[in-house]
*Asks:* 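Please read through the structure below; I'll follow up with questions.
Chain letters run A, B, ... following the sequence lines, proteins first, then strands; residues in each count from 1. Just so it is clear, the values below take in all heavy atoms, side chains as well, and ignore hydrogens, waters and symmetry mates.
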There are 2 protein chains.
Amino acid sequence: MATLNRPGASDGHVCGIDAAMEVIGGKWKVLILWALHEQPHRRFGELRRLVPGITEKVLASHLRELEADGIVDRVSYDEVPPRVEYTLTKDGIRLNDALGPLAAWGRERAGDAGS
Amino acid sequence: MATLNRPGASDGHVCGIDAAMEVIGGKWKVLILWALHEQPHRRFGELRRLVPGITEKVLASHLRELEADGIVDRVSYDEVPPRVEYTLTKDGIRLNDALGPLAAWGRERAGDAGS
DNA sequence: CTGTTCGCTCACCTCAGGGTAACCACCCAC
DNA sequence: GTGGGTGGTTACCCTGAGGTGAGCGAACAG
């Protein structure tokens, strides 16, 4: 509905999708989201193992961005050795929900040739 | 469940989302998709105008990638001046459908502060 | 004859996101 | 004391997606 060619869109986005794309635009973001979706309350090291190939730096920075975007919640326990847990916020859960159909589409076309 | 930590995923993807992300990963892909969704059968120049800020080179390459991925259909009429029309394929339409919830999520959090 | 439209293509350059790797403070097991 | 585990941080480098600008070949307006 003409969301695209409406010049007065709020904050530079022409439709909701690129607002979402800004959040999940990182290379590993969706994988982190997915890992967190399957098993909430993961720790840093667990996440690193769950997302094979990611480096600590990138995992940390992505986690920070997701936290800043209100997608994940970071809880650090003041123990020793230091323990930090990451969870999805309500917004993050809804984001993952919204990602569901997209995942289904991708899986469908990966399995089926997509005729 | 456990799609993530399953090492034997088909072609390098751990879940359907990153398969989808490969398709819509370009900076302007979703905008093109969205423009095509709102009004099918757009021409190159129209698309360029509909997606403000994109350059010809990038539009052309993104269009080519989308075509290679079976998302858009390219029909070139052998007239003069040359005319080319782009349409969404059935797969593209379903992709846009799958993008719907994501767009809703983005719009919701753009408008609402996300409490 | 010049300029413009149309749908690109080519060569070049920039820049930010991501990769590499070392390091930190702390504690426990050996 | 040494090594390993915790959860990071910092510095540097590097690749590739994307931006810039020009041109092309035909027709048509002026």
*Asks:* Does any part of the side chain of A:C15, heavy atoms only, come nearer than 4.5 Å to the side chain of B:L31, both counted from C-beta?
*Replies:* yes

*Asks:* The test is side-chain contact (heavy atoms from CB on, under 4.5 Å); show your working for A:R64 and A:R74 and say whether it passes.
*Replies:* CA-CA 9 Å; A:R64 243 144 252 284; A:R74 180 194 138 108; 3.2 Å; yes

*Asks:* Who pairs with B:S61 by side-chain contact (heavy atoms from CB on, under 4.5 Å), at least two apart in sequence or on another chain?
*Replies:* none

*Asks:* Within the side chain of B:R109, is there an N or O that forms a donor-acceptor pair under 3.5 Å with the backbone of A:D69?
*Replies:* yes

*Asks:* Near DNA chain C, under 4.0 Å by heavy atom, which residues of residues 20-30 of chain B?
*Replies:* none

*Asks:* Have a look at B:R74 and say if it touches a base, only the backbone sugar-phosphate, or nothing, with a 4.0 Å heavy-atom cut-off.
*Replies:* sugar-phosphate

*Asks:* Starting from P on C:dG19, measure out to NZ on A:K57 and report it in whole angstrom.
*Replies:* 8 Å

*Asks:* Looking at every heavy atom in both B:G106 and A:A19, which two are closest together, and how far apart are they?
*Replies:* O-CB, 4.1 Å

*Asks:* Could you please spell out the steps behind the side-chain contact (heavy atoms from CB on, under 4.5 Å) verdict for B:L36 and B:T87?
*Replies:* CA-CA 7 Å; B:L36 243 23; B:T87 334; over 6 Å; no

*Asks:* Measure from CD on B:E56 to P on C:dC8 and round the result to the nearest Å.
*Replies:* 11 Å

*Asks:* I would like to know whether A:L47 and A:L63 meet side-chain contact (heavy atoms from CB on, under 4.5 Å); could you show each step before the answer?
*Replies:* CA-CA 10 Å; A:L47 247 19; A:L63 245 16; 4.2 Å; yes

*Asks:* Rounded to whole angstrom units, what separation is found between the CZ atom of B:F44 and the C1' atom of C:dC6?
*Replies:* 10 Å

*Asks:* Does the side chain of B:I24 reach to within under 4.5 Å of the side chain of B:L99, using non-hydrogen atoms?
*Replies:* yes

*Asks:* What is the distance, rounded to the nearest whole Å, between atom CG of B:D78 and atom C1' of C:dC6?
*Replies:* 14 Å

*Asks:* Does A:K29 use its side chain to pair, donor to acceptor, with the backbone of A:V23 at less than 3.5 Å?
*Replies:* yes

*Asks:* Can you check each nucleotide of nucleotides 24-30 of chain C against protein heavy atoms at under 4.0 Å and return B for base, S for sugar-phosphate only, - for none, in 5' to 3' order?
*Replies:* ---S---

*Asks:* Taking only residues at least two apart or on different chains, which pairs with a member in residues 76-107 of chain B satisfy ring-ring contact (aromatic ring centres under 6.0 Å, His included)?
*Replies:* none

*Asks:* Please report, rounded to the nearest Å, how far the P atom of C:dT5 is from the CZ atom of B:R43.
*Replies:* 13 Å

*Asks:* Under 4.0 Å between any heavy atoms, over every strand shown, what does A:Y86 touch: base, sugar-phosphate, or nothing? Just pick one.
*Replies:* sugar-phosphate

*Asks:* Please report the distance, rounded to the nearest Å, between CZ in B:R48 and P in C:dG7.
*Replies:* 7 Å

*Asks:* Hey, which of A:L50, A:V51, A:N96 is the one that makes side chain to side chain contact (heavy atoms under 4.5 Å, CB included) with A:W34?
*Replies:* A:N96

*Asks:* For residues 59-73 of chain B, which residues have at least one heavy atom under 4.0 Å from DNA chain C?
*Replies:* B:R64

*Asks:* Drop me the distance from B:R42's CZ to B:L88's CG, to the nearest 0.5 angstrom.
*Replies:* 12.0 Å

*Asks:* Under 4.0 Å, counting only non-hydrogen atoms across every strand here, what does B:R49 touch: a base, just sugar-phosphate, or nothing?
*Replies:* sugar-phosphate

*Asks:* Is there a side-chain contact between B:L59 and B:W28 (heavy atoms, below 4.5 Å)?
*Replies:* no

*Asks:* With a strict under 4.0 Å distance from non-hydrogen atoms of chain A, what nucleotide opens and what nucleotide closes the contacted stretch of DNA chain D, reading 5' to 3'?
*Replies:* D:dT6 to D:dA11

*Asks:* Are the charged groups of B:R94 and B:D97 less than 4.0 angstrom apart, N to O?
*Replies:* no

